[in-house]
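Input: a single structure, listed below in structure tokens.
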Amino acid sequence: MDKLVIQGGHPLTGTIHVGGSKNTALPLMAAAVLADGVTTLHNMPVLRDVHTFSNVLRVAGCMVSYAPDADPSTPDSMVIDASRVNHPEAPYDLVKKMRASFYMLGALLGRCGEARVSLPGGCAWGPRPVDLHIEGMKALGAEIELDRGDVVAKAPGGRLKGGRFRFAPVSVGATINVMLAAVMAEGETVLENVAAEPDVVVFGEMLQQMGAQIDGLGTKTVTIQGVDRLGAVEFWNCPDRIELGTYMIAAAMAGEPGSTFRITGARADHLGTAFPEAFRRTGADFSIEPEAHGPHEVVTVTVPETIQPVSIVTDPYPGFATDLQAQWTVMMTQAEGTSEITDTIYTDRFKHIPELNRMGTNCSVVDNKVIVKGHGRGGVSGTTVMSTDLRASVSLVLAGMVADGQTDVLRVYHLDRGYEDLEGKLSKAGIAIEREAYEEFASDAEPVA
Ligand code: EPZ
């Protein structure tokens, strides 16, 4: 098993590159299953979740080739040949590793008219239901039953029928899953209270390029006219907005006050409205320029002398992303006062808090809110801490960057799900960080005589 070892106190300097979006790459791969041809996807990040989902597609009969180069700053392409999707199943041993494998329910129902998909696992926190996914498929006429932990779905007569469904609450995954099933259903589908995250909009744009008839992308209501077939396309994945937000926070916390830090390969409007506004209220600032050579943007952060406390409440896009909640909390431990971070989307996504407090921070969880008592920069001591989920892991790395002494972040397999070569990128930007193997369960007890 791997850990990341960080020597605190080295300022973040220079430039870092944002890779392709994990939470968009996965639905794009699912969309490729709908086309009986060869799809090429560009700017696909080298992540465990992408690797896992490639294997899910292979089980269904797709051929997936993906040969990323060693340089994370050059976009990598994936080729998916879905000419023969002849095994409409997604097995437990893969789905348990990654919740988004559940997208195969909509993709296989749409392509094959039937699906057997294991109920998902995924991150460690809280119950993460899929009731909206199931009810949405039923609204399209799918017959659904649970069989030994699998969802078994059938479209009567082999093809779903357009229908009407309202998501409550807003759900990124359920919106994507039901759209996958609806684009080749017979007739019109109206989906209300849909997610408008960039992940959903870019995924919808790929479906449109494939020939899907979709109106209302990015609004609260999406209307789909079902088509008989979809064509394979070549398509660019968008930059990862959560990686961008993470590096902006890292710069504000760990950059030299007054210095600037450049983040390339970005797309700033995907941050929504709440995050940029809160970020500037801390005293940090940033500017956006188009890349000189490339389709994306350069975000240049100006590191503030001091960080002002700014309370936030997470919300669906364009609100403050729940996936930046843990990272924001760490930044607030460096602020000149108290702030409150409330998560309205996941009410118990706070497993990083006990680990941060072991590093000397003063955070207390009350219901779905964490109260952070900041005393300005510093006050964090390096120690050994345990990752529990993807965004908790990266928040511990951020804390290690500003800690006194060494921080060992264990179980970085969580981190590898969503951050490509984080230690490589950060060490090129001045941080003393390296990956080391370790034995998690090596017994240090004296051997029994
Ligand atoms: C996606 O998860 C992201 N994952 C998550 O990012 C992200 O935190 C989340 O959206 C919210 O933005 C991927 O895109 C792969 P939801 P998803 O359905 O789709 C409730 C990361 O760190 N709900 O939008 O699973 C649910 O409990 C990951 O990259 C139901 O009640 O999230 C939650 O309270 C973590 N019934 C709310 O909706 C359902 O059937 C939003 O969840 C589905 C969801």
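In listed order, ligands and their atoms are each counted from 1. The analysis underlying the following values was restricted to heavy atoms, covering all of them including side chains, and did not include hydrogens, waters or symmetry mates. A quick note: this is a predicted structure, and the numbers were derived from the prediction, not measured.
Within the 4.0 Å heavy-atom shell around ligand 1 one does not find Met98. Between Gly418 and ligand 1 there is no heavy-atom distance shorter than 4.0 Å.
When the heavy atoms of Tyr346, Phe203, Phe53, Phe102 are ranked by distance to atom 42 (O) of ligand 1, first place goes to Tyr346.
Of the charged side-chain nitrogens involved, at least one lies within less than 4.0 Å of a carboxylate oxygen, so that Arg164 and Glu192 count as a salt-bridged pair. One finds a salt bridge joining Asp416 and Arg435 here, because a Lys/Arg side-chain nitrogen approaches an Asp/Glu carboxylate oxygen to under 4.0 Å.
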Check residues 24-39 and write down every donor-acceptor pair under 3.5 Å in which the side-chain atom is one partner and the other belongs to a residue at least two apart or another chain.
| from | atom 1 | to | atom 2 | distance (Å) |
| --- | --- | --- | --- | --- |
| Thr24 | OG1 | Ser21 | OG | 2.7 |
| Thr24 | OG1 | Asp199 | OD1 | 3.2 |
| Asp36 | OD1 | Arg229 | NH2 | 2.9 |

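Using a 4.0 Å cut-off between heavy atoms, Val170 contacts ligand 1 through its backbone alone, with no side-chain atom that close.
Considering backbone and side-chain N/O atoms, Ala100 never comes within less than 3.5 Å of an N/O atom of ligand 1. In terms of polar-atom proximity, Leu132 is counted as a contact of ligand 1, with an N or O under 3.5 Å from an N or O of the ligand. Taking any N or O of Thr322, backbone or side chain, none lies under 3.5 Å from an N or O belonging to ligand 1. Ligand 1 has an N or O atom lying under 3.5 Å from an N or O atom of Ile345, backbone or side chain.
If you number the atoms of ligand 1 from 1 as listed, the ones under 4.0 Å from a heavy atom of His133 come out as 40 (O).
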Problem set entry | side chain to side chain contact (heavy atoms under 4.5 Å, CB included) between Arg241 and Tyr317, intermediate numbers included | CA-CA 11 Å; Arg241 60 196 172 98; Tyr317 188 88; 4.3 Å; yes

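With sequence neighbours left out, His87 forms a ring pair (Phe, Tyr, Trp, His ring centres under 6.0 Å) with no residue at all.
The distance from atom CG of Asp323 to atom CZ of Phe275, rounded to the nearest 0.5 Å, is 12.0 Å.
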